[in-house]
Amino acid sequence: GVEVGPQPQGVARADVLYKMRTIVKHGLDFVQLFNEGKEFPPCTIEVFKIMEKVDYPRNKNGEIIAIIHPKLQDQDWQPLKDGDPLFLTLAGEVIPYQGNCTVYPTFINEAAYYEKKQAFVKTEKIKLPAKHLRLSIS
């Protein structure tokens, strides 16, 4: 499966459709080249590993008291550093990110996650080694 987003539920976006078609085409090209016997050399792949889910700030009654800061909105997969704006209270106070490392938030302010008490997911960028790959014919 391929999930390309984020985008609001029930919305068809041309840019997201283009990205989905592009990734599916690359996947099919890979399968064809692999089946033709092409050897792929070892490499490293950058991936994002989930660290934790982050909730909205809440009061003692469990009510949300701050929203995603405008500078963070629509910045999925972009670096978030210590001190960067994170939330904005209803009174206009900025709540900055406090962390000892750069993280990469995703699923920022997704409507489908409000009920799950999730403002965004914190991820870290890591590199994974990939061995060479070649079709083995027995």
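All values below come from the heavy atoms of this structure, side chains included, with hydrogens, waters and symmetry mates left out. Heads up: numbering here begins at 1 and tracks the sequence.
- Note that the CD1 atom of I67 and the CG atom of L86 stand 12.0 Å from one another [nearest 0.5 Å].
- For the pair A66 and F87, the tightest heavy-atom approach, listed with the atom from each and the gap, is CB-CB, 3.8 Å.
- Expressed to the nearest 0.5 Å, how far NE2 of H69 lies from OG1 of T89 amounts to 10.0 Å.
- For the residue pair Q78 and P105, the shortest heavy atom distance occurs at O-CD, 3.2 Å.
- With T106 contributing its side chain and V121 its backbone, the two residues share no donor-acceptor pair below 3.5 Å.
- At a threshold of 4.5 Å between non-hydrogen side-chain atoms, the residues L17 and R21 count as touching.
- Ring pair F107/Y113 is perpendicular by interplanar angle, where above 60° counts as perpendicular and below 30° as parallel.
- Taking CD1 from I50 and CD from E124, the interatomic distance works out to 11.0 Å, rounded to the nearest 0.5 Å.
- Side-chain contact between P42 and H132 is present, with heavy atoms from C-beta onward closer than 4.5 Å.
- The shortest distance between side-chain heavy atoms of H26 and T22 falls below 4.5 Å.
- For N59 (side chain) and N61 (main-chain N/O), a donor-acceptor pair under 3.5 Å exists by modelled atom type.
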Inset, instruction - Check step by step if side-chain contact (heavy atoms from CB on, under 4.5 Å) holds for L72 and I108. - result: CA-CA 8 Å; L72 181 59; I108 300 168; 3.9 Å; yes
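- When every heavy atom of Q118 is checked against every heavy atom of Y56, the shortest pair comes out as O-CE1, 3.8 Å.
- Residue-environment remark: CZ (R58) exceeds the threshold of 12 foreign heavy atoms within 6.0 Å.
- More than 12 heavy atoms of other shown residues, nucleotides or ligands fall within 6.0 angstrom of atom CZ in F30.
- A distance of 9.0 Å separates NZ of K125 from OG1 of T123, quoted to the nearest 0.5 Å.
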Legend entry - Residues F48, I126; criterion side-chain contact (heavy atoms from CB on, under 4.5 Å); working and verdict: CA-CA 6 Å; F48 295 88; I126 61 173; over 6 Å; no
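- Linking Ile, Leu, Val, Met, Phe, Trp and Tyr whenever their side-chain heavy atoms come within less than 4.5 Å puts I64 and V54 in one cluster.
- Residues Y97 and I95 are members of one and the same hydrophobic cluster, defined by side-chain heavy-atom contacts under 4.5 angstrom among Ile, Leu, Val, Met, Phe, Trp and Tyr.
- By the 6.0 Å contact criterion, CD on E39 is enclosed, its count of non-hydrogen atoms from other residues, nucleotides or ligands being greater than 12.
- Expressed to the nearest 0.5 Å, how far CZ of F34 lies from CG of L135 amounts to 4.5 Å.
- Across Q75 and K71, no two heavy atoms sit closer than the pair CG-O, 3.3 Å.
- Heavy atoms from other residues, nucleotides or ligands lying under 6.0 Å from CD1 of I23 number 12 at most.
- Within a 6.0 Å sphere centred on CG of L33, other residues, nucleotides and ligands contribute more than 12 heavy atoms.
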Inset, instruction - Apply side-chain contact (heavy atoms from CB on, under 4.5 Å) to the pair D29 and K25, showing each step before the final yes or no. - result: CA-CA 6 Å; D29 289 345; K25 181 186 178 315; 2.8 Å; yes
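- The hydrophobic cluster containing V31 also contains F40, counting ILVMFWY residues as joined when their side-chain heavy atoms lie under 4.5 angstrom apart, directly or transitively.
- No more than 12 heavy atoms of other residues, nucleotides or ligands lie within 6.0 Å of CD in E115, so this atom counts as exposed by the packing criterion.
- No cation-pi contact links K122 to F120, judged by a cut-off of 6.0 Å to the six-membered ring centre and 45° from its axis.
- Minimum heavy-atom separation, G99 to D82: N-OD1, 3.1 Å.
- Nearest heavy atoms, M51 versus V103: SD-CG1, 3.8 Å.
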Inset, instruction - Decide side-chain contact (heavy atoms from CB on, under 4.5 Å) for Q73 and N109; before the verdict, give the C-alpha distance in whole Å, the side-chain angles of both, and the deciding distance to 0.1 Å. - result: CA-CA 7 Å; Q73 185 64 50; N109 202 26; 3.0 Å; yes
